Amino acid sequence: VGEYCQHLSTAAQQTDSVPTGQIDLNWTPIPGQFFYAFWARGYTSGGVIVGTSNGFKPEIVNDYELGWKSQLLNNHLQTSIGGYWMRYQNMQLPTLDIFNGRNAVTNIPASTIRGIEATLNGQFGGFGTNLSLTIDNSKIGNVSEVATFRLPASANGQVQCAVGQTSGCFDYTPYIANLGGEQNPYTPKFTASATVNYRIPLGAESSLLPSVTYSYTGPQFNSIFQVDNYYLMSARHLVNTSLTYDNGPWEVQAYCNNCTNQTYVAGAGGVSSGDVWYYGSPQQLGVRVHRSF
């Protein structure tokens, strides 16, 4: 599979031609034991900045994964564990071109993302459980960029001062940060969740299912600028509960999301400004009704 993309502007032209695809290897030595390995490549096209002669390269991610899935205890227990290693080439970073004072896009040298994902699902009579965790370690390539969130208002639209120049320009040198080795944005090092439920029979066709889910998301940054905590999103602990009544074609569920009413940041408006922050949903109480036909 290949992808081709061409971008034109009044000042520049940029052309992409990147082969993409996936190769899988699967092995089932005995029933209920499944091993797999695959390689896949993802792609995001490059482009140009309108009004400039500067283009930026496409992003390419090569993903290598190994894993094992099993069914144990007469299919009462299902497990899955997999490891992944990704090479992230030419990550596109919104940045500031200090030589013309305008916003631009640059490409970061090869970055890596590696980790382990594991899940466990169990069903023993009316009791059910689901456990999952992810351990992730990522490092971006060696790159230095202007920490725009630190710039004073006097830098707006200014170009970098030449040697000996003191007026009509701005010296960006003190605001340039080396970002090599920082973790990828929105990539917490550890996430986990646990769900337990118990189905209570009420009759031939009806039942009651109480369920509790706890999830943890470790601290993460919404930018590659991680020299301080300006872009740090703190860890969050969320608890969701529900009580579901099932009676044939009808299902009625009362639920509570974020039951502890934790206040947390779920994202931000951009990697360069940080002026717009998006908060996660507060405590929510509600009822859902579902009818099957």
Side-chain angles (χ1 to χ4, degrees), residues 22 24 26 28 31-32 34 36 38 40 42 65 67-82 84 115-136 186-188 190-218 220 222 233-269 276-293:
Q22 181 168 325
D24 295 271
N26 302 325
T28 306
F34 176 79
Y36 67 91
F38 73 81
E65 299 197 22
W68 164 62
K69 298 182 179 182
S70 69
Q71 295 179 340
L72 305 171
L73 303 179
N74 197 25
N75 293 335
H76 288 291
L77 194 65
Q78 298 177 343
T79 63
S80 174
I81 184 168
Y84 56 88
I116 297 174
E117 296 178 323
T119 62
L120 183 150
N121 295 288
Q123 189 69 48
F124 300 91
F127 176 76
T129 184
N130 174 274
L131 305 174
S132 67
L133 66 87
T134 301
I135 301 173
D136 188 282
Y186 296 104
T187 311
F190 184 79
T191 58
S193 68
T195 297
V196 292
N197 55 62
Y198 188 79
R199 186 171 297 278
I200 305 170
L202 298 179
E205 296 184 357
S206 61
S207 65
L208 195 64
L209 181 71
S211 178
V212 178
T213 298
Y214 164 79
S215 64
Y216 170 81
T217 302
Q220 58 188 303
N222 59 56
M233 297 164 54
S234 300
R236 56 182 180 263
H237 308 257
L238 300 180
V239 177
N240 299 336
T241 63
S242 66
L243 181 63
T244 304
Y245 172 71
D246 186 357
N247 185 11
W250 287 96
E251 182 179 276
V252 180
Q253 181 185 78
Y255 66 89
C256 171
N257 293 337
N258 189 7
C259 295
T260 60
N261 199 27
Q262 182 177 22
T263 301
Y264 65 96
V265 175
V276 181
W277 293 81
Y278 302 105
Y279 285 88
S281 299
Q283 183 186 81
Q284 295 178 317
L285 303 174
V287 175
R288 299 185 181 98
V289 179
H290 181 265
R291 173 69 162 83
S292 298
F293 296 93

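Only a predicted model underlies this, so the values are computations on that prediction, with no experimental measurement involved.
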#### Entry: Derivation and outcome, side-chain contact (heavy atoms from CB on, under 4.5 Å), residues Tyr264 and Met233
CA-CA 8 Å; Tyr264 65 96; Met233 297 164 54; over 6 Å; no

### Task
Quick one: do Phe124 and Leu73 satisfy side-chain contact (heavy atoms from CB on, under 4.5 Å)? Show the steps, please.
CA-CA 10 Å; Phe124 300 91; Leu73 303 179; 4.1 Å; yes

### Query
Could you go step by step and tell me if Gln284 and Asn258 meet the side-chain contact (heavy atoms from CB on, under 4.5 Å) rule?
CA-CA 7 Å; Gln284 295 178 317; Asn258 189 7; over 6 Å; no

### Task
Begin with the C-alpha distance, continue with both residues' side-chain angles, and end with the deciding distance and a verdict on side-chain contact (heavy atoms from CB on, under 4.5 Å) for Asn240 and Tyr255.
CA-CA 8 Å; Asn240 299 336; Tyr255 66 89; over 6 Å; no

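Within the 4.5 Å cutoff, the side chain of Trp250 has heavy atoms near those of the Val289 side chain. For the pair Asp24/Tyr36, no side-chain contact is recorded, criterion being any heavy-atom separation below 4.5 Å from C-beta on.
For the residue pair Cys259 and Gln283, the shortest heavy atom distance occurs at O-NE2, 2.6 Å. Of all heavy-atom pairs between Pro282 and Asn261, the closest is CB-OD1, 3.7 Å. Residues Thr119 and Ser132 share a closest heavy-atom pair of CG2-CB, 3.8 Å. Ala235 and Gln262 get closest at one heavy-atom pair: O-NE2, 3.9 Å. Counting all heavy atoms, side chain and backbone alike, Pro188 lies closest to Asp136 at O-CB, 3.7 Å. Residues Tyr186 and Gln220 approach most closely at CA-OE1, 3.1 Å, considering heavy atoms.
Annotation: the span from Leu202 atom CG to Asn247 atom CG amounts to 9.0 Å, rounded to 0.5 Å. To the nearest 0.5 angstrom, Thr187 atom OG1 is 11.5 Å from Asn222 atom CG. Between the OG1 atom of Thr79 and the CG atom of Leu120 there is a distance of 6.5 Å, given to the nearest 0.5 Å. Note: Gln253 CD to Arg288 CZ = 5.0 Å, rounded to the nearest 0.5 Å. Atoms OG and CG, from Ser70 and Leu77 in turn, are 7.0 Å apart once rounded to the nearest 0.5 Å. A distance of 6.0 Å separates CZ of Phe190 from CD1 of Ile135, quoted to the nearest 0.5 Å.
No more than 12 heavy atoms of other residues, nucleotides or ligands shown are found within 6.0 angstrom of OH on Tyr198. Taking a 6.0 Å sphere around OH of Tyr279, one finds it holds 12 or fewer heavy atoms contributed by other residues, nucleotides or ligands. Residue Gln22 places its CD atom among more than 12 non-hydrogen atoms of other residues, nucleotides or ligands, all under 6.0 Å distant.
Looking at residues two or more places apart in sequence or on another chain, you find no ring pair (Phe, Tyr, Trp, His ring centres under 6.0 Å) involving His290.
For the residue pair Ser193/Ser215, the side-chain donor-acceptor check at 3.5 Å is not satisfied.
Put simply, the side chain of Gln123 never gets that close to the backbone of His76: no donor and acceptor are under 3.5 Å apart. At distances below 3.5 Å, not a single donor-acceptor pair connects side-chain atoms of Asn197 with backbone N or O atoms of Pro210. A side-chain donor-acceptor contact under 3.5 Å links Thr129 to the backbone of Thr195.
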